[in-house]
Amino acid sequence: MSQHIQSKLPTVGTTIFTLMSSLAVEHNAINLGQGFPDFMMSDELIALVNRAMQKGNNQYVHMNGLPLLRERIAEKIQSLYNASLDPEKEITITPGGTYAIYTALTTILQPGDEAIVFEPAYDSYIPTIEMNGAIPVLIPLQFPDYSIDWELVKEKISSKTKVVLINSPHNPTGSVLSKNDIEQLQNIVRDTNIFILSDEVYEHLIFDDLPHHSMLLYPDLLERSFVCFSFGKVYNCTGWKIGYCIAPAALMAEFRKIHQFNCFSCNSPVQFALAEFLQQKDAYLQLGDTMQKKRDLLQKLMQQTKFMPLVSHGSYFQLYDYSKITNESEKDFAIRLTKEFGVATIPTSVFYKTETDNKVLRFCFAKKEATLEAAVERLIKL
Ligand code: GLN
């Protein structure tokens, strides 16, 4: 018999991404659930990692990240967002975006603090807030365009509000922040001590010629922000688990105190390779077009089915309304779809703590054309 352990997360089970991916394998289903590309990443980037290993770059690099990689990130940010960052003090390489978010929230939050979270929300946000003894203050995004009701945000802000979590392009809905959203956010945080946690892992996955309103573009927002990024989403290698966080020096110094005892330093050959590959701007600048084509293909194919698209302007994802097919709950339907029809998706309800069931499933379109076609062949039968 094993010893009893008191759970830090008593109401939490295994993440839906792992559950649905396992179910997809078990039932030989096409996996449009968990967000990852099924097509090959750049051969050149793989070769650069091999070369870095063969050259002997296999020991720890600096705990905050390979200096050259941080410099190259700073150059990229200067050219894309016109922000001058000190790579020594304001950029830290992390093992992925989720880790950056975890570390940033742990840096910011004290027990009893309130954190504003828009629902639906990426599934790590709320458990991370709760593990820090803080309180998630939940605000629903407005169905069906998932825009922010800023009047409601103003009502929910209190003297205990410590951080607002922002995610654009948004997982799971594909909504993106507008200039008006930025202005509203600026007005709300002005003259307060509120921090911003900005999850921008889909920065390049933005469609329809919309601009990405990064916190890096707005000095008054950046001065209070931790901004989190993922190379996995940029270079189609989610399994590499490598990303970075950006914050003003004083905030980053606290972030690094936590980071040094958790991950300490990230995979070194990958950092050498990324430092070199970052110089090829096209590799990230063309990503939005590539992924938009996939969104459009899925949308065109899905016209043959009873699923109805909601608007997606970014990310890997598009939500589809299935209310013409069945009245089943999102979870039940997603499971049946995997088991009986061989297509795995994610029920949008799992991104809510407040019970919500709009009869919409999240589809990941970051897949080969053949995968999307094969999936829709199966969905036509419904
Ligand atoms: N971000 C990815 C998604 O939303 C998955 C991340 C994960 O599996 N933890 O599908």
Side-chain angles (χ1 to χ4, degrees), residues 9 12-25 29-39 41 94-105 117-129 131 141 146 165-176 197-206 227-245 263 287 291 294-295 298 310 312-320 330-331 334-335 337-338 343-353 360-367 371-372 375:
L9 291 170
V12 165
T14 302
T15 159
I16 188 71
F17 306 119
T18 299
L19 291 180
M20 290 310 288
S21 283
S22 305
L23 201 65
V25 171
I30 297 170
N31 192 350
L32 305 188
Q34 193 174 23
F36 63 87
D38 72 341
F39 46 89
M41 64 174 297
T94 64
T98 303
Y99 173 103
I101 293 162
Y102 183 95
T103 308
L105 286 173
V117 182
F118 298 104
E119 286 192 302
Y122 179 56
D123 75 335
S124 83
Y125 298 167
I126 292 174
T128 302
I129 292 164
M131 261 186 295
L141 294 172
Y146 297 96
L165 279 72
I166 295 289
N167 172 212
S168 180
H170 185 255
N171 179 4
T173 70
S175 65
V176 303
L197 183 289
S198 186
D199 173 354
E200 301 186 14
V201 299
Y202 299 106
E203 71 179 316
H204 297 301
L205 295 164
I206 185 157
V227 194
C228 303
F229 294 94
S230 157
F231 284 115
K233 306 293 190 300
V234 178
Y235 295 127
N236 303 314
C237 52
T238 60
W240 282 17
K241 292 302 301 173
I242 187 110
Y244 52 100
C245 184
C263 158
L287 187 65
M291 217 55 89
K294 292 183 182 297
R295 178 204 62 177
L298 178 64
L310 274 68
S312 163
H313 287 304
S315 80
Y316 280 160
F317 310 114
Q318 181 150 22
L319 301 183
Y320 279 87
E330 291 178 1
K331 268 191 203 154
I335 291 170
L337 210 53
T338 312
V343 179
T345 57
I346 304 285
T348 312
S349 53
V350 301
F351 300 101
Y352 289 87
K353 201 171 161 95
V360 288
L361 298 178
R362 190 192 81 170
F363 286 74
C364 173
F365 50 73
K367 305 291 173 188
T371 308
L372 297 175

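Residues: numbered from 1 along the sequence shown. In listed order, ligands and their atoms are each counted from 1.
Atoms CG and NZ, from N31 and K367 in turn, are 5.5 Å apart once rounded to the nearest 0.5 Å.
At a cut-off of 3.5 Å, with distance as the only test, a side-chain donor of T98 or Y122 sits close to an acceptor on the other residue. There is no side-chain donor-acceptor pair under 3.5 Å between N171 and S315.
Y244 and F229 have parallel rings, their planes meeting at less than 30° on a 0 to 90° scale where 60° marks the start of perpendicular.
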**Item:** Working for side-chain hydrogen bond (donor to acceptor under 3.5 Å, both in side chains), residues D199 and Y125
**Value:** CA-CA 10 Å; D199 173 354; Y125 298 167; 2.6 Å; yes
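Qualifying ring-ring contact (aromatic ring centres under 6.0 Å, His included) partners for Y352, counting only residues two or more places apart in sequence or in other chains: none.
The contact shell of ligand 1, taken as protein residues with any non-hydrogen atom closer than 4.0 angstrom, comprises F17, Q34, G35, Y122, N171, Y202, F317, R362.
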